[in-house]
Asker: 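Sharing a structure with you now.
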Amino acid sequence: MVEQNDNRAVYEVACSPHAREEINTAGIMLDVLIALIPLVLAGFFVFGVAALRQILYAVLSAWVAESLFNWMRGKPFSLKDGSAAITGVILALSLPATAPWYVAVLGAVVGIGIGKAIFGGLGYNLFNPAMVGRAFVMIAFPSLMGASAYVLPNSTVDALTSATPLTLLKMEGVLTGLRALFLGTTNGSIGETSALACLIGGIYLCMRRTASWQIPVAMLGTMAAVSALAVSFNLLDVLRELAAGAALFGAFFIATDPVTSPVTPKGRWVFGVIVGLFVMVLRKLSGYPEGVMFAVLLANAVTPLINRWTIPTPVGGPVPVRK
Amino acid sequence: MNATLNFPVKGTFARGVHPADGKGLAADRPIEVLPAVSQIVIALQQHTGAPCQAVVVPKQQVRLGEKIGDAEAFISAPVHAAVNGVVGRQSVVTLPNARHVKMIPITAEGEQLEGRALYDEVLGGEWPIEKLEEWTPQAIAERVRDAGIVGLGGAAFPTSVKLVRNEKKPVDVLLLNGCECEPYLTADCRIMIEAARGIVAGARIAAKACGAKDIVVAIENNKPQAIEAMKTAAEGTPVQVAAVETKYPMGGEKQTVLAVTGRIIPTGGLPLDVGVVVINVGTALAVARAILRDGNLTHRVVTVTGAGVHTPKNLLVPVGATYRALIECCGGLLPNAARIVSGGPMMGFTVGSLDVPVTKGTSGILALTDQDVRTSEETQCIRCGRCVDVCPLNLIPTRLALAARQKEWDVAKRYHLMACMECGCCAYACPAGIPLVQLIRMGKVQMPRK
């Protein structure tokens with residue numbers, strides 16, 4: 001049907017561009033949730049229903065906390081952007097399967113509230129909310145979050161009957177087989193045990209450009225370099241260092257949180273190197289067997305500075321100074 | 001890629017975006033001549049630079065190609081009557097770029113050059129250039145100015161200014177821009193197919209004027225027909241054809257020059273600073289017409305396209321015809337037309353009404369629907385960095401835009417606000433729907449100059 005359409009005296013006026021890529025923030029968040037599926041499955045296979053229960057507690061609490069803080073701040077509800085769910089899932093995956101329900105609940109509420117809402121909500125937070133929540137419960141409940149809390153000697157779940165690979169290495173000098181580390185049949189936080197699952201999800205994220213590939217490459221590369229030069233110049237030991245603990249989970253899912261990592265390409269490299277260095281320092285020199293959480297939080301703190309130091313030069317050079 | 005080019009042709013530049021090209025709507029439609037119109041409106045400033053003053057009086061009879069307005073300034077170009085007719089009373093018109101400029105209406109009267117004869121005059125026939133020796137470089141530049149030729153790619157910068165030789169900045173490359181990287185537009189593609197010999201002739205004339213040794217036509221590789229036609233026409237001439245990657249904003253001067261010659265235009269500089277003159281393929285054709293056929297710039301090819309228009313077409317139209325006349329010739333708008341854009345979707349200007357005259361810089365009229373525009377609610381920046389990943393100039397658009405919004409001029413300066421060329425890749429790619437380039441544009445205007 002041809003219609004002259006002249007009844008429309010005035011057409012909409014707007015500034016260019018008049019086209020947009022088919023993509024939105026919720027889509028990006030959905031991508032992260034999709035990438036987390038292999039980790040959730042691996043957690044379920046290794047730790048059973050306890051893993052799913054932990055995720056359920058954390059996600060529900062994150063949603064409630066997000067809504068509550070939005071209501072208090074007089075902001076519209078923002079659950080549909082998916083970011084609260086991601087905080088919940090990542091927090092749960094970073095907890096031991098043995099932790100009681102209130103650990104996940106408190107972690108999620110503190111992560112969303114202190115970690116995100118008080119800074120102004122999504123996009124304004126300085127620190128990774130899930131890691132803020134985890135740091136809180138780790139300090140509040142040392143006996144429920146410490147290395148010994150991961151072990152349930154009489155459990156029917158195989159993985160829970162022995163200490164985590166990094167604890168075994170630190171305390172007893174026992175090496176865990178690479179095959180077990182790769183598949184994830186070891187003790188540890190719910191999402192971190194399977195290197196395979198982390199790699200599948202992480203590579204998906206990088207290929208979708210949802211996570212910047214520079215951060216995991218820089219972080220894991222730095223860890224490998226430090227491990228090879230300062231600990232053991234042996235390929236198997238280096239691989240073990242990367243596959244054990246939360247290194248892969250942290251590299252692909254925690255350090256890559258766009259809000260709390262640098263936005264400049266060079267800054268992403270710097271950020272990854274800093275996280276990698278901190279992880280190795282904490283693993284080798286601190287009292288904790290693992291250091292991804294503190295390393296990410298420390299690097300988050302310097303992100304604004306990294307951004308400032310790594311402003312790229314425009315193609316064609318800086319703007320000439322007017323005389 | 002042409003192997004004999006004596007500089008490294010990478011054929012691409014870093015970053016950029018790949019929008020849906022929409023060129024299929026009009027690419028295969030041969031150029032049609034717009035049926036004679038009863039009235040045209042000649043804006044007295046259709047170009048970058050000084051406005052023209054009228055040199056005609058009301059009720060004066062004018063012939064096609066007769067001068068209507070001219071200016072003394074160096075950076076300017078005269079305007080000409082695009083029909084035979086009678087001059088009306090000077091008034092004011094608002095152009096798509098929101099400038100209110102003086103205009104002179106001309107009512108068509110008597111015999112008009114139309115149909116096939118008009119097509120042959122502007123686009124068709126042979127373009128022999130045996131008599132080029134008679135023209136000195138200076139004479140060519142003067143004739144180009146007299147003919148009112150400005151860049152036909154959209155920016156409408158007076159071409160004679162580019163062709164005048166500059167002792168301090170010698171030129172060795174003339175780059176013909178046939179990239180047409182804006183989605184939907186196909187006017188340049190069509191003239192390369194239908195008037196390739198004219199473009200080659202115009203290129204050789206322009207090269208003589210500016211002193212370039214190498215003449216290269218850059219065409220995006222999504223136009224194989226145009227590349228073929230230009231290669232055939234260029235055979236046996238010094239003109240070479242370089243196929244470059246299809247990527248927005250390949251047609252931006254900085255990007256084309258980089259992709260073809262490997263040279264980087266300094267920020268705030270011109271192609272001239274690296275020894276290159278860039279002109280659009282349509283401009284080259286206009287140069288050929290001015291020198292070889294003594295014709296002034298009175299007509300141009302405009303793509304009328306988009307999902308909101310009944311029959312997309314490439315039209316040869318007189319400068320000054322209204323958008324309404326062009327759209328009517330294409331069967332009118334469909335009920336779903338939401339935004340009417342002058343130019344392409346990435347950098348074009350919207351018009352509020354159809355009673356706007358075609359100017360020398362009008363490359364296309366695009367009727368977009370709501371689905372095309374995809375407006376959505378703006379959400380908070382999550383610093384995903386997609387704008388950074390697409391910025392062809394290696395800027396951090398999110399910082400620039402938010403600094404501009406907050407008027408934090410020290411931050412804006414630190415992040416090189418004035419280096420932005422406003423291509424719009426950032427706003428295109430932003431998942432949060434933040435009007436990045438729009439904010440940056442505002443900031444560039446508002447930032448205190450010091």
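In what follows, every heavy atom counts, from backbone to side chain, and hydrogens, waters and symmetry copies are set aside.
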Asker: With side chain to side chain contact (heavy atoms under 4.5 Å, CB included) as the test, would you mind laying out the steps for A/Asn307 and B/Tyr415 before giving the verdict?
Answerer: CA-CA 10 Å; A/Asn307 272 334; B/Tyr415 281 84; 4.1 Å; yes
Asker: In terms of heavy-atom pairs under 4.5 Å with chain A, which of B/Val17, B/Val411, B/Val373 leads?
Answerer: B/Val373
Asker: What residue, out of A/Pro258, A/Ser212, A/Pro17, has the most heavy-atom pairs lying under 4.5 Å from chain B?
Answerer: A/Pro17
Asker: Can you check whether B/Met346's main-chain N or O pairs, donor with acceptor, with A/His18's side chain at less than 3.5 Å?
Answerer: no
Asker: Under 3.5 Å, which donor-acceptor pairs link side chains of residues 21-30 of chain A to any protein atom two or more places apart or in another chain?
Answerer:
residue	atom	partner	partner atom	Å
A/Asn24	OD1	A/Ala26	N	3.4
A/Asn24	OD1	A/Gly27	N	2.8
A/Thr25	OG1	B/Thr379	OG1	3.4

Asker: Between A/Thr256 and chain B, with a heavy-atom cut-off of 4.5 Å, which part of the residue counts as in contact: side chain, backbone, both or neither?
Answerer: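 Neither the backbone nor the side chain of A/Thr256 comes within 4.5 Å of chain B.
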Asker: Which residues in residues 382-392 of chain B have any heavy atom closer than 4.5 Å to a heavy atom of chain A?
Answerer: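 Interface residues of residues 382-392 of chain B: B/Ile382, B/Arg383, B/Cys384, B/Gly385, B/Arg386, B/Val388, B/Asp389, B/Pro392.
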Asker: Does any heavy atom of chain B fall under 4.5 Å from the side chain of A/Arg308, the backbone, both, or neither of them?
Answerer: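 Answer is both: backbone and side chain atoms of A/Arg308 are under 4.5 Å from chain B.
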Asker: Has B/Asn394 got a side-chain atom pairing as donor or acceptor with A/Thr313's backbone, closer than 3.5 angstrom?
Answerer: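 Yes; at least one donor-acceptor contact below 3.5 Å.
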Asker: What part of B/Ile396 gets within 4.5 angstrom of chain A, counting heavy atoms only: side chain, backbone, both, or neither?
Answerer: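 Answer is side chain: those atoms of B/Ile396 sit under 4.5 Å from chain A.
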Asker: Side chain, backbone, both or neither: which part of B/Pro19 has a heavy atom under 4.5 Å from chain A?
Answerer: neither
Asker: Looking at A/Ala14, is its backbone amide N or carbonyl O close enough to the side chain of B/Thr350 to form a donor-acceptor pair, meaning the two atoms are under 3.5 Å apart?
Answerer: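 Yes.
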Asker: Who wins among A/Asp81, A/Ile311, A/Thr264, A/Leu122 for the most heavy-atom pairs under 4.5 Å with chain B?
Answerer: A/Ile311
Asker: Below 4.5 Å from any heavy atom of chain B, which atoms of A/Asn125 appear? Answer side chain, backbone, both or neither.
Answerer: backbone
Asker: Heavy atoms only: give me the nearest A/Ala19-B/Tyr428 pair and the separation to one decimal.
Answerer: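 So the minimum-distance heavy-atom pair works out to O-CD1, 3.3 Å.
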Asker: Got more than 12 heavy atoms from elsewhere within 6.0 Å of CZ, B/Arg99?
Answerer: no
Asker: Show your reasoning for whether side chain to side chain contact (heavy atoms under 4.5 Å, CB included) applies to B/Lys254 and A/Val315.
Answerer: CA-CA 9 Å; B/Lys254 288 166 192 277; A/Val315 174; over 6 Å; no
Asker: Below 4.5 Å, heavy-atom pairs only: which of B/Cys381, B/Gly268, B/Gly348 has the largest tally toward chain A?
Answerer: B/Gly348
Asker: Does A/Trp63, at its CH2 atom, have more than 12 non-hydrogen atoms belonging to other residues, nucleotides or ligands within less than 6.0 Å?
Answerer: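 Incorrect, the count does not exceed 12.
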Asker: Would you give me the side-chain donor-acceptor pairs under 3.5 Å for residues 429-439 of chain B, sequence neighbours excluded?
Answerer:
residue	atom	partner	partner atom	Å
B/Gln438	NE2	A/Ser16	O	3.3

Asker: Would you mind telling me which of A/Ala211, A/Cys15, A/Pro314, A/Gly123 has the largest number of heavy-atom pairs within less than 4.5 Å of chain B?
Answerer: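 Of A/Ala211, A/Cys15, A/Pro314, A/Gly123, A/Pro314 has the most heavy-atom pairs under 4.5 Å with chain B.
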Asker: B/Val351 vs A/Val13, test: side chain to side chain contact (heavy atoms under 4.5 Å, CB included). Steps then yes/no.
Answerer: CA-CA 6 Å; B/Val351 294; A/Val13 176; over 6 Å; no
Asker: Quick one: are B/Leu354 and A/Tyr11 in side-chain contact, heavy atoms under 4.5 Å?
Answerer: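 They are in contact (side-chain heavy atoms under 4.5 Å apart), so the answer is yes.
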Asker: In terms of heavy-atom proximity below 4.5 Å to chain A, should B/Thr311 be classed as side chain, backbone, both, or neither?
Answerer: neither
Asker: Distance from A/Tyr124 atom OH to B/Gln380 atom CD, nearest 0.5 Å?
Answerer: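 So the OH of A/Tyr124 and the CD of B/Gln380 are separated by 3.5 Å.
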Asker: Just distance, no hydrogens or angles: give the donor-acceptor pairs under 3.5 Å from side chains in residues 416-423 of chain B, sequence neighbours left out.
Answerer:
residue	atom	partner	partner atom	Å
B/Glu422	OE1	B/Arg441	NE	3.3
B/Glu422	OE2	B/Lys444	NZ	2.9

